[in-house]
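Numbers here are sequence positions counted from 1.
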Amino acid sequence: MTTVDMTPATNKSNSPTNPRRRVYLPNTKYIPILATLTLLLIMYFTGVANYRNFGQPSVVVNLFRDNAVLLVVAVGMTFVIITGGIDLSVGAVISMTTTLTATLLAGGWPPWWCCRWCCCSVRCSAPGWAR
C-alpha cells in the first residue's frame, strides 16, 4: 500500500520544526462568560473615557445597590432553570406588582396595605399560572 503526503513543501530555512501553529481557543462553555466580561469592560472604559467621575468606586457600588433586587431574582431564576423547573416569568410578575403598587400608592392607599395586597394577589394567582 502506498501513502501519499499532501503537505505543501516549504523551502524556507527559518521555518520552525513544527509547521502547525498553536492557537488558543477557549473552551466553548466559557465563550458566553468571556463575551459578557468583554462587553462589560468595553462599556466601563467607554464610561470612564466619556464621564469625569465614572471611574470612582462609588459608581460600581451604586450600580450593585440599585440593581440588587434584579440580581437576587436572576440568581433565583437561574436555580429554578438549572434544577429542571420551568421559567416562572419573574420579570412579568415583578413589573405587574411594581405597576400595581405605584398606582395604588398614587391613589392614596397606605403603603402597608399596598404591599399586603400585592403579595396576596401574586401568591393566589401563582397556582393558576403554574398550570
Side-chain angles (χ1 to χ4, degrees):
M1 180 178 268
T2 307
T3 306
V4 178
D5 187 14
M6 299 299 290
T7 46
T10 57
N11 295 330
K12 297 179 182 179
S13 62
N14 59 357
S15 64
T17 57
N18 187 1
R20 291 188 228 164
R21 281 182 61 189
R22 292 187 181 239
V23 178
Y24 173 71
L25 294 175
N27 194 345
T28 56
K29 70 179 183 179
Y30 297 123
I31 290 177
I33 294 172
L34 292 173
T36 303
L37 289 176
T38 303
L39 289 174
L40 180 67
L41 289 174
I42 289 171
M43 288 188 295
Y44 178 75
F45 287 119
T46 302
V48 168
N50 290 326
Y51 301 104
R52 186 176 348 139
N53 295 326
F54 195 80
Q56 296 184 358
S58 63
V59 173
V60 177
V61 171
N62 285 336
L63 284 173
F64 281 111
R65 185 180 298 148
D66 292 341
N67 295 312
V69 173
L70 296 177
L71 183 65
V72 170
V73 169
V75 169
M77 286 178 65
T78 302
F79 284 136
V80 167
I81 293 170
I82 286 175
T83 58
I86 58 169
D87 184 5
L88 302 176
S89 301
V90 178
V93 173
I94 289 176
S95 64
M96 181 195 70
T97 55
T98 303
T99 305
L100 182 64
T101 303
T103 304
L104 292 175
L105 288 173
W109 287 46
W112 62 271
W113 185 256
C114 294
C115 182
R116 180 178 168 203
W117 195 81
C118 286
C119 289
C120 289
S121 65
V122 169
R123 182 174 177 258
C124 292
S125 61
W129 291 340
R131 290 185 180 192

Could you go through residues 54-69 and list every donor-acceptor pair under 3.5 Å that involves a side-chain atom there, pairing it with any protein atom two or more places apart or in another chain?
| residue | atom | partner | partner atom | Å |
| --- | --- | --- | --- | --- |
| N62 | OD1 | R65 | NH1 | 3.2 |
| N62 | ND2 | S58 | O | 3.2 |
| N67 | ND2 | L63 | O | 3.1 |

Between CG on residue L105 and CH2 on residue W113, distance to nearest 0.5 Å: 14.0 Å

Enumerate, atom names and distances included, each donor-acceptor pair closer than 3.5 Å involving a side-chain atom of residues 27-42, sequence neighbours excluded.
| residue | atom | partner | partner atom | Å |
| --- | --- | --- | --- | --- |
| T36 | OG1 | P32 | O | 2.8 |
| T38 | OG1 | L34 | O | 2.7 |

